[in-house]
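Below: the structure, in structure tokens.
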Number of protein chains: 2
Amino acid sequence: MTARMTRQRTAVVEALDELADFRSAQQLHEALRARGESVGLATVYRALQALAEASEVDVLRAEDGESLYRRCARREHHHHLVCRMCGRTVEIDGPTVEAWASKVAAAQGFDDIEHTIELWGTCADCRAAAH
Amino acid sequence: MTARMTRQRTAVVEALDELADFRSAQQLHEALRARGESVGLATVYRALQALAEASEVDVLRAEDGESLYRRCARREHHHHLVCRMCGRTVEIDGPTVEAWASKVAAAQGFDDIEHTIELWGTCADCRAAAH
DNA sequence: CGATCTTTGACAATCGTTCTCAACAAGCGT
DNA sequence: ACGCTTGTTGAGAACGATTGTCAAAGATCG
């Protein structure tokens, strides 16, 4: 039950730190390959899963359903503004929104409330790159 | 290019109306089967896809990534409070949130902004049913 | 160092969803 | 009502992300 520190897990964390923005498991796997680190894809998935459970990384779903991972600066609850082309991410928080969400849900008699609030857009660079 | 009204499409729309809450394509397919209507799964997916494009149905992704569909009362933009157990849905709108979202995104130089704002919870009935 | 016990990785298996393509049927004109 | 044209259907294959399998490998501890 004790989490062991392995070469592979360290490598995944390093890749996350290096890439900074939201990336898919497969992108991370490829980045590790490119760097010469040999890590199995399944292992990357397992590492990310473990990190997510430990709240070490944030997970969100791209519009096509793929899971994206990122090591965020703040560990407290927050949301993201993500570029759908390059993954560039800006952390945002919205105290107003939080309050609104829980108030609305409670008013309807719902429990165990969770909310998904993510903003997607095209960042200035990608817009420029697309002509 | 003209959309044809087929037995299958009508059936899918009927199933949606009957079930009222957010359902997966597979759930709808099964409901049709159970009712005696013979409709292929692929056809259900295609019908839902077409309906979604025409803004006839709302689509959202469950926490496990599955797509859920629903015919909403209002066709204007709005959000949902959904029971993660039974799919029961309450339509909500948050003018405050909308404004907040576009303001934040624009401030960061992002374009083509879209936002995902969904609330998940356990409705009173499901809470009771779980003891 | 050695025993223990988690972790790894190549590959198979899942699961939702989309694709393929020949058979089929709406809608239109006659 | 009758073909024609052309969008639609359905069974099954294909796909892509993710998870499961299990024997071999390696971390940790005494």
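Each chain gets a letter, A, B and so on, in the order its sequence line appears, and its residues count up from 1.
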State whether a side-chain donor-acceptor pair under 3.5 Å links A:H79 with A:E98. yes
Looking only at the side chains, is there a donor atom on one of B:T122 and B:R84 sitting less than 3.5 Å from an acceptor on the other? yes
Among C:dG9, D:dT9, C:dA25, the nucleotide that comes nearest once only the side chain of B:R4 is considered: C:dA25
Applying the side chain to side chain donor-acceptor pair (under 3.5 Å) test to B:H78, which of B:R74, B:H80, B:E76 qualifies? B:H80
B:E56 and B:R71 ion-paired at < 4.0 Å: yes
Do the charged groups of B:E91 and B:R70 touch, with an N to O distance under 4.0 Å? yes
Distance check, rounded to the nearest 0.5 Å: B:E14 atom CD versus B:E37 atom CD? 6.5 Å
Quick one: OG on B:S67 to CG on B:L60, what's the gap to the nearest 0.5 Å? 8.5 Å
Please report, rounded to the nearest Å, how far the [atom2] atom of [N] is from the [atom1] atom of [X].
{"X": "A:L32", "N": "C:dT8", "atom1": "CG", "atom2": "P", "answer": "12 Å"}
{"X": "B:E37", "N": "D:dT9", "atom1": "CD", "atom2": "P", "answer": "13 Å"}
{"X": "B:L48", "N": "D:dT8", "atom1": "CG", "atom2": "P", "answer": "15 Å"}

Got a sec? Which of residues 7-15 of chain A come in under 4.0 Å of DNA chain D, heavy atoms? none
List the protein contact pattern of nucleotides 11-17 of chain C with one symbol per nucleotide (5' to 3'): B for base contact, S for sugar-phosphate-only contact, - for none; contact means a heavy-atom distance under 4.0 Å. -----SB
Hey, is the side chain of A:R46 pairing donor to acceptor with the base of D:dG20 inside 3.5 Å? no
Quick one, B:R33 with B:S38, criterion side chain to side chain donor-acceptor pair (under 3.5 Å). Give me CA distance, side-chain angles, the key distance, then yes/no. CA-CA 6 Å; B:R33 271 278 141 94; B:S38 163; 4.5 Å; no
Just N and O in the side chain of B:T6: are any of them under 4.0 Å from OP1 or OP2 of C:dA26? no
